[in-house]
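Beneath this line is the structure, given in structure tokens, with notes to follow.
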Amino acid sequence: MSTTTKIQIDTKTFIRFWLVIIGFAAAGYLLFKASFGLMIIGAALFFALAISPLVKRLAGIFPSKSRNFAIALAYIIIVGFLIAFVAIVFPTIINETIRFLGNLPYIIGNATDNVSFINKFGNSIGIENLQNQIMQAVNNFSATYMQDLGGILTNSITSISNGIAVLILSLVLAFFMLTEGPSIVKQFWSNFSPNNTNVKRTKAVIHRLAETVSQYVSSAVTVSLINACATAVAVFIICLIFGIAPGFAFPFGLITGVFSLIPMFGSFIGGAIVSLLLGFNAFGAGIAFLIYTIVYLQIESNVISPKIQGKGMKLPALVILSAVTIGVYTFGLVGAIVSIPIAGCVKILIEEYAADLMDDGKLNGSNLKPSENKSEPTEDKKLIAKAE
């Protein structure tokens, strides 16, 4: 004998259920459509947090001036650097690449004129006049690339123009975040009781997150400036030795300085690019700078970075590499730069969540060793006490 159970659902409950499903789907769709705009807002917020230390230092240098004056001065410095980078580095790279491609057949011809084994090797595999065929292929490649160079430059200029438009929008948003952000945040917290423990702890956590981003960016920029100055000096000396125009020192220093902002691999990539550009002028100069890059990276990783960045956010190498990989494949170059501070913020949130579990008694603190069970002030408690 079988029994059948019937479940009756009234019409209102059925409609509410599907309205909730449709609402979540609509919210997800809207977030997906607005993802690019949210990325711009996130980049502006990151930039605002990044230059906050610079604004504070400028405000300290000019105590009689307002915060808005310090923000404007910081923007003049940063925008001036961006304009100098675009105006100096890009033309240098383009000119050196065009000159190298134009001279490529001549360079390869000189290198292979006295190499008789090329034709012998070609004959051994059934190819006659292999050397002439290689030269013909190089000439065709150079001619084809020079013909298509106009289209390549046009596409590159279009992409760069779109990037500049996004950058300007991000800078404008960050400017308003710096000028109006403090008052908006103050007005927001005024809606809550200042004596509430949860409010104090939340403010302390947010302060830790902001300080993490600011400290990381400040230390990374300092290391990149040292890298840029050292590269400029090294390039200047190498240019004098190999008879190359020493004017390459400044733009090549900017290249390595900017690329060094990319965690882990950025300094080597910048050094490889400079080595390649120097090699276009003199092969020995490129090799010499590559050797310098390898030596300098050892000094930077073992001496400069530990002194300036200290222990940093105490993230394991595996976490850093994973964060950089996700950032690169998700948001490209920008993702690589912001991946480590984001990982540091996630670490702080996990620490705070674990602290909440301990405070709520969800974890058995009696199982800890006596030395670990002592109530020592944590970072957020110190910040709460400081705020009080």
Side-chain angles (χ1 to χ4, degrees), residues 4-50 162-163 165-167 169-174 176-177 180-193 196-210 212-213 313 315 318-363 380:
T4 304
T5 302
K6 295 183 178 180
I7 300 176
Q8 294 182 350
I9 302 176
D10 59 356
T11 304
K12 292 183 178 181
T13 303
F14 181 80
I15 293 175
R16 288 174 182 173
F17 171 79
W18 282 107
L19 284 177
V20 171
I21 297 297
I22 294 172
F24 275 109
Y29 176 76
L30 291 175
L31 288 175
F32 174 76
K33 297 294 288 184
S35 58
F36 187 72
L38 294 175
M39 287 173 54
I40 295 176
I41 295 174
L45 178 60
F46 180 85
F47 181 76
L49 293 174
N162 294 333
V166 173
L167 178 61
L169 179 58
S170 300
L171 291 175
V172 172
L173 286 172
F176 285 110
M177 289 179 182
E180 300 180 359
S183 61
I184 294 175
V185 172
K186 184 177 180 180
Q187 184 178 2
F188 172 79
W189 288 116
S190 65
N191 297 321
F192 302 93
S193 173
N196 188 289
T197 303
N198 291 330
V199 173
K200 292 181 179 180
R201 186 166 188 176
T202 302
K203 292 174 67 174
V205 172
I206 294 175
H207 179 74
R208 284 188 65 188
L209 296 176
T212 297
V213 176
M313 291 170 285
L315 293 174
L318 176 61
V319 174
I320 293 176
L321 182 58
S322 301
V324 172
T325 302
I326 294 173
V328 168
Y329 282 96
T330 305
F331 302 111
L333 180 61
V334 176
I337 296 175
V338 304
S339 58
I340 293 183
I342 290 177
C345 292
V346 172
K347 175 178 176 288
I348 291 174
L349 294 176
I350 293 175
E351 290 175 350
E352 293 298 329
Y353 177 72
D356 284 340
L357 291 181
M358 293 292 293
D359 292 342
D360 294 340
K362 295 180 182 179
L363 294 180
D380 59 322

Problem set entry | Atom pair CD/CG of E351 and L349 - distance to nearest 0.5 Å | 9.5 Å
For this session: Would you name the heavy atoms of T330 and I326 that are closest together and state the gap between them?
Result: OG1-O, 2.6 Å
For this session: Give the minimum heavy-atom separation between A323 and A343, together with the two atoms involved.
Result: CB-CB, 4.0 Å
For this session: Would you mind checking if K347 and E352 are paired as a salt bridge, meaning a charged N to carboxylate O distance below 4.0 Å?
Result: no
Seminar exercise, completed: Rounding to 0.5 Å, atoms CZ (F46) and SG (C345) come to a distance of 9.0 Å
Exercise. Quick one: CG on L209 to CG on L49, what's the gap to the nearest 0.5 Å?
Worked result: 9.5 Å
Problem set entry | Sole residue of T325, V324, V319, L318 in side chain to side chain contact (heavy atoms under 4.5 Å, CB included) with S322 | L318
For this session: Supply the atom-to-atom distance I206 CD1 to I348 CD1, rounded to the nearest 0.5 angstrom.
Result: 12.0 Å
Seminar exercise, completed: Test side chain to side chain contact (heavy atoms under 4.5 Å, CB included), reference S193, set N191, N196, T197, output is N196
Problem set entry | V166 vs S170 side-chain heavy atoms within contact, under 4.5 Å | yes
For residues 182-190, run the donor-acceptor check on the side chains, cut-off 3.5 Å, and write out each pair with its distance to 0.1 Å, sequence neighbours left out.
residue	atom	partner	partner atom	Å
S183	OG	E180	O	2.8
S190	OG	Q187	O	2.4

Problem set entry | Spacing of CZ belonging to R16 relative to CD1 belonging to I21, to within rounding of 0.5 Å | 15.0 Å
Seminar exercise, completed: Taken to the nearest 0.5 Å, the spacing of K33 NZ from L38 CG works out to 13.0 Å
For this session: Apply side-chain contact (heavy atoms from CB on, under 4.5 Å) to I41 and M177, showing your working.
Result: CA-CA 10 Å; I41 295 174; M177 289 179 182; 4.0 Å; yes
